[in-house]
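Encoded as structure tokens, the structure appears first; notes follow it.
Convention: sequence-line order gives letters A, B, ...; per-chain numbering from 1.
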Amino acid sequence: MLSVQFIRENVDRVKRDMLLRNAPAPIDRILMLDEERKAFLQQVEQLRAKRNIVSKAIGQTKDPTEREIRITEMRLVGDEIDRLDGVLKVVEGELREKLYEVPNILDPNVPKGPDEESNVVVASSGTKREFRFQPRPHWELGEIVGGLDLARGARMAGSRFYVLKGPLARLQRSLIQFFLNAHTADGFTECYLPDMLSEASLLASGQLPKFRENLYRDFEQDYYFIPTAEVAFVNLYRDEILAPGSLPQRFVAHTPCFRREKMSAGRDVRGIKRGHQFEKVEMFVYCEPDRSEEEFAALVARTRALPEKLGVPHRLLALCSGDIGFNATKTFDIEVWAPGQDEWLEVSSVSNCLDFQARRANIRYRPTATDSPRAPHMLNGSGLALPRSLIAVMENYQQEDGSIVVPEVLRPYMGMDTIPVAVA
RNA sequence: GGAGAGGUGGCCGAGUGGUUUAAGGCGCGCGUCUUGAAAACGUGUGAGUGAAAGCUCCGGGGGUUCGAAUCCCUCCCUCUCCGCCA
């Protein structure tokens with residue numbers, strides 16, 4: 001979240017960014033509540049100071065009449081403190097509630113626009129393969145190689161669930177391995193994380209209270225299923241002060257992701273492109289504020305290297321103001337080409353969230369032993385998301401008979417050069 | 001899930017209603033000494049808020065009281081034993 005102080009000192013900028021986001025935010029109300037809060041706080045604290053002094057004196061007073069008089073007096077002061085405290089709590093509660101609703105400010109270079117139509121392609125790499133036959137979509141290929149079972153997935157769990165079998169299950173695992181190894185080889189620390197988190201954690205990471213309807217939840221206990229590993233990484237150091245010299249820290253994890261998406265009928269319905277559950281390899285960086293720009297560039301470069309190594313064309317999009325997520329100040333998407341479906345598929349979002357999440361999760365670091373604590377910057381990026389990178393490999397490497405050539409970099413994991421046509 | 005014991009500063013640990021402004025130790029910072037380091041000695045050392053005085057924070061929340069780290073309720077977490085289980 002943004003600090004009240006920052007909002008106070010940058011009212012115009014904050015209001016403008018909220019407009020650009022199409023996200024009306026109660027900025028004036030927040031400033032008003034903050035003024036109220038300060039006024040009540042001052043009153044309460046004066047009374048408390050008085051009570052502290054007199055109460056101490058009571059402890060040392062021998063004369064019983066004198067004691068009685070003061071105790072009676074302090075009883076009234078105490079009542080007044082209780083009353084003001086009650087009011088203060090209400091004001092602070094509303095202030096916090098309102099602050100939780102305000103999204104991050106925008107990086108000045110973010111393209112302006114209301115929705116994804118205004119996203120800008122800023123780079124691309126790889127050339128689309130020329131097919132001498134009509135390339136098939138992945139659900140047809142899955143049927144031909146015999147590793148994709150949509151019908152049984154739907155029967156056991158409902159629509160949008162599927163089963164991967166044999167070589168396709170292995171292909172997915174190979175991709176995960178390949179991604180994880182690529183990042184750990186460069187010093188990212190691999191983590192195994194909880195796939196369910198407490199309500200407090202989802203609040204700290206910005207999923208709650210605003211995006212409750214997108215989350216799956218255990219309905220007896222306080223557990224939410226993570227929609228992305230980012231949520232867990234944000235909470236890794238919640239309520240901590242990191243020691244001098246402990247930044248930057250770079251992490252990577254493979255987790256499942258669970259998203260309750262109310263999908264419009266007819267959109268993305270075929271195949272496995274969009275589901276309620278999917279796998280993802282996620283990178284996460286904690287760093288000092290003056291380094292976050294270069295960490296962002298490094299994350300983008302690192303992410304782009306993956307489709308390049310896989311031999312799949314990709315393009316890089318700068319998300320526009322209306323399409324950037326709540327926590328981010330700036331986001332680049334990486335999309336890979338899926339020739340069978342004839343479309344670009346989003347496989348990664350790389351975001352710089354500045355200190356927005358750190359403040360919300362109450363994470364600080366000390367630059368040197370004598371400095372006071374500051375909020376670190378946090379960045380995240382998928383590298384990469386699973387069913388879609390799987391789709392891209394299948395569709396780009398398909399052959400006329402429906403068999404799939406295994407990309408060079410995945411062969412050590414697959415133990416085969418080609419996924420053959422299944423014997424009927 | 002059952003029974004018991006706990007949760008105090010970066011760490012250990014004292015504190016059972018009023019000079020506790022949280023003792024003491026370790027660690028850490030700074031200084032003196034030293035060619036340098038160690039040791040020794042000195043000194044300092046939590047966070048938040050505020051212009052400051054001050055106020056708040058002893059796992060979270062609530063209560064009793066003029067006054068709570070201390071008493072009560074409740075929740076969470078850790079440890080030990082039992083049960084269950086991959």
Side-chain angles (χ1 to χ4, degrees), chain A residues 1-9 30-100 192-204 208-209 217-218 220-224 232 235-247 249 256 286 355 357-376:
Chain A
M1 68 183 151
L2 303 175
S3 71
V4 181
Q5 190 191 349
F6 180 88
I7 294 175
R8 199 189 307 127
E9 289 165 4
I30 284 170
L31 293 175
M32 208 179 86
L33 285 165
D34 188 47
E35 290 303 316
E36 274 182 49
R37 184 187 64 87
K38 279 195 276 193
F40 282 116
L41 192 63
Q42 214 172 353
Q43 288 183 54
V44 163
E45 288 190 351
Q46 273 170 13
L47 288 175
R48 263 201 246 274
K50 182 177 180 186
R51 184 176 68 179
N52 287 346
I53 291 164
V54 177
S55 287
K56 194 165 285 181
I58 290 172
Q60 287 155 349
T61 303
K62 301 283 186 299
D63 178 10
T65 327
E66 175 89 20
R67 270 178 83 100
E68 214 30 66
I69 291 169
R70 290 189 158 173
I71 286 175
T72 311
E73 188 192 348
M74 282 310 102
R75 198 170 284 145
L76 293 174
V77 171
D79 289 347
E80 182 64 2
I81 289 174
D82 284 347
R83 189 186 70 80
L84 288 170
D85 241 357
V87 179
L88 189 59
K89 223 168 236 183
V90 171
V91 173
E92 281 179 337
E94 192 186 343
L95 180 61
R96 194 174 332 110
E97 205 175 282
K98 294 280 183 288
L99 278 173
Y100 277 155
Y192 170 77
L193 303 165
D195 296 331
M196 297 188 287
L197 297 176
S198 67
E199 173 149 19
S201 289
L202 276 289
L203 191 67
L208 292 177
R217 177 181 194 188
D218 175 279
E220 282 194 333
Q221 280 172 291
D222 173 32
Y223 291 133
Y224 289 81
N235 282 280
L236 189 61
Y237 294 126
R238 175 148 57 91
D239 297 322
E240 290 192 50
I241 299 174
L242 304 177
S246 56
L247 297 178
Q249 291 195 30
Y286 286 84
D355 60 2
Q357 293 174 309
R359 189 165 303 105
R360 195 147 166 153
N362 190 29
I363 299 168
R364 289 162 294 168
Y365 78 101
R366 218 182 281 278
T368 72
T370 49
D371 285 321
S372 51
R374 305 180 55 180

*asked:* Can you confirm whether A:D239 sits close enough to A:I363 that some side-chain heavy atom of one is under 4.5 Å from a side-chain heavy atom of the other?
replied: no
*What is the distance from CG of A:D239 to C1' of B:G46, rounded to the nearest Å?*
15 Å
Between the protein and nucleotides 57-64 of chain B, are there any N/O to N/O pairs under 3.5 Å, and if so, what are the atom names and distances?
{"from": "B:G62", "atom 1": "OP1", "to": "A:K89", "atom 2": "NZ", "distance (Å)": "2.6"}

_Distance, C1' atom - from B:U8 to B:G15, rounded to whole angstrom_ = 9 Å
*Taking only heavy atoms on the protein side, list every residue of residues 35-52 of chain A lying under 4.0 Å from any atom of RNA chain B, sorted numerically.*
A:E45, A:R48, A:A49, A:R51, A:N52
*Please list, chain by chain and in numerical order, all residues satisfying side-chain contact (heavy atoms from CB on, under 4.5 Å) with A:S198, sequence neighbours excluded.*
A:A200, A:S201, A:D222, A:R238
*Watson-Crick or G-U wobble partner for B:A5, using a 3.5 Å limit on both distances?*
B:U78
*Mind calculating the distance between CD (A:E92) and P (B:G48) to the nearest angstrom?*
17 Å
*Scan A:R75 against the nucleic acid and name what it touches under 4.0 Å (heavy atoms): base, sugar-phosphate only, or nothing.*
sugar-phosphate
_P-based separation of B:G29 from B:G46 [nearest Å]_ = 15 Å
*Only counting residues at least two apart or in another chain, list the ones meeting side-chain contact (heavy atoms from CB on, under 4.5 Å) with A:P194.*
A:L197
*Sequence neighbours excluded, which residues qualify as salt bridge (Lys or Arg N to Asp or Glu O under 4.0 Å) partners of A:R360?*
none
_Which residues share a salt bridge (Lys or Arg N to Asp or Glu O under 4.0 Å) with A:R8, sequence neighbours left out_ = A:D34
Show me the protein contacts with nucleotides 16-23 of chain B, counting only N or O atoms at under 3.5 Å.
{"from": "B:G18", "atom 1": "O6", "to": "A:R67", "atom 2": "NH2", "distance (Å)": "3.3"}
{"from": "B:G18", "atom 1": "N2", "to": "A:S55", "atom 2": "O", "distance (Å)": "2.6"}

_What's the gap between B:U80 and B:U45 when it is taken at their P atoms, as a whole Å value?_
38 Å
*So which one's nearest nucleotide on RNA chain B is more toward 5', A:T72 or A:P373?*
A:P373
*Toward the 5' end of RNA chain B, which comes first, A:G78 or A:Q5, by nearest nucleotide?*
A:Q5
*On a whole-Å scale, what distance lies between the P atoms belonging to B:U64 and B:A53?*
33 Å
*Could I get the full list of side chain to side chain donor-acceptor pair (under 3.5 Å) partners for A:R359, not counting sequence neighbours?*
A:D355
*asked:* Between C1' on B:G50 and CZ on A:R8, what's the gap in Å once rounded to a whole number?
replied: 11 Å
_B:C28 versus B:A38 - spacing of their P atoms, nearest Å_ = 10 Å
*Determine which nucleotide pairs with B:C41, using a 3.5 Å limit on both distances of a Watson-Crick or G-U wobble pair.*
B:G31
*Taking atom C1' of B:U65 as reference, at what distance in whole Å does atom CD of A:E68 sit?*
13 Å
*When rounded to the nearest Å, what value does the distance between C1' atoms of B:G2 and B:C84 take?*
11 Å
_Separation of atom CG in A:L76 from atom C1' in B:G67, rounded to whole Å_ = 15 Å
*Below 4.5 Å, heavy atoms only, C-beta onward: do A:L99 and A:I7 meet side chain to side chain?*
yes
*Same-atom distance (C1') from B:C55 to B:A5, integer angstrom*: 36 Å
*asked:* Does the structure show a Watson-Crick or G-U wobble partner for B:A68, both distances under 3.5 Å? Name it, or say none.
replied: none
*Could you tell me which residues satisfy side chain to side chain donor-acceptor pair (under 3.5 Å) with A:R374, sequence neighbours excluded, listed by chain and number?*
none
Expected list for residues 38-45 of chain A: side-chain donor-acceptor pairs under 3.5 angstrom, two or more places apart:
none

*Can you tell me the Watson-Crick or wobble partner of B:A47, both distances under 3.5 angstrom?*
B:U56
_Set of ring-ring contact (aromatic ring centres under 6.0 Å, His included) partners for A:Y286, sequence neighbours left out_ = A:Y237, A:F284
*In whole Å, what is the span from the CG atom of A:L242 to the P atom of B:G10?*
13 Å
*asked:* Distance check needed: B:C76 P versus A:E199 CD, whole Å only.
replied: 14 Å
_Please report the distance, rounded to the nearest Å, between CG in A:L88 and P in B:U49._
15 Å
*asked:* Within the supplied structure, the quantity of interest is the number of heavy atoms (other residues, nucleotides, ligands) at a distance under 6.0 Å from A:Q5 CD; does it exceed 12?
replied: no
Could you list the donor-acceptor pairs under 3.5 angstrom formed between side-chain atoms of residues 69-90 of chain A and any protein atom two or more places apart in sequence or on another chain?
{"from": "A:T72", "atom 1": "OG1", "to": "A:E68", "atom 2": "O", "distance (Å)": "2.7"}
{"from": "A:E80", "atom 1": "OE1", "to": "A:R83", "atom 2": "NE", "distance (Å)": "3.3"}
{"from": "A:E80", "atom 1": "OE2", "to": "A:R83", "atom 2": "NH2", "distance (Å)": "3.1"}
{"from": "A:D85", "atom 1": "OD1", "to": "A:R48", "atom 2": "NH2", "distance (Å)": "3.4"}
{"from": "A:D85", "atom 1": "OD2", "to": "A:R48", "atom 2": "NH2", "distance (Å)": "3.4"}

_I'd like the C1' distance from B:C73 over to B:C66, given in whole Å._
23 Å
*Is A:R366 near enough to B:G46 that one of its side-chain N or O atoms lies under 4.0 angstrom from OP1 or OP2?*
no
*Can A:E92 and A:R96 be counted as an ion pair, charged N to O under 4.0 angstrom?*
no
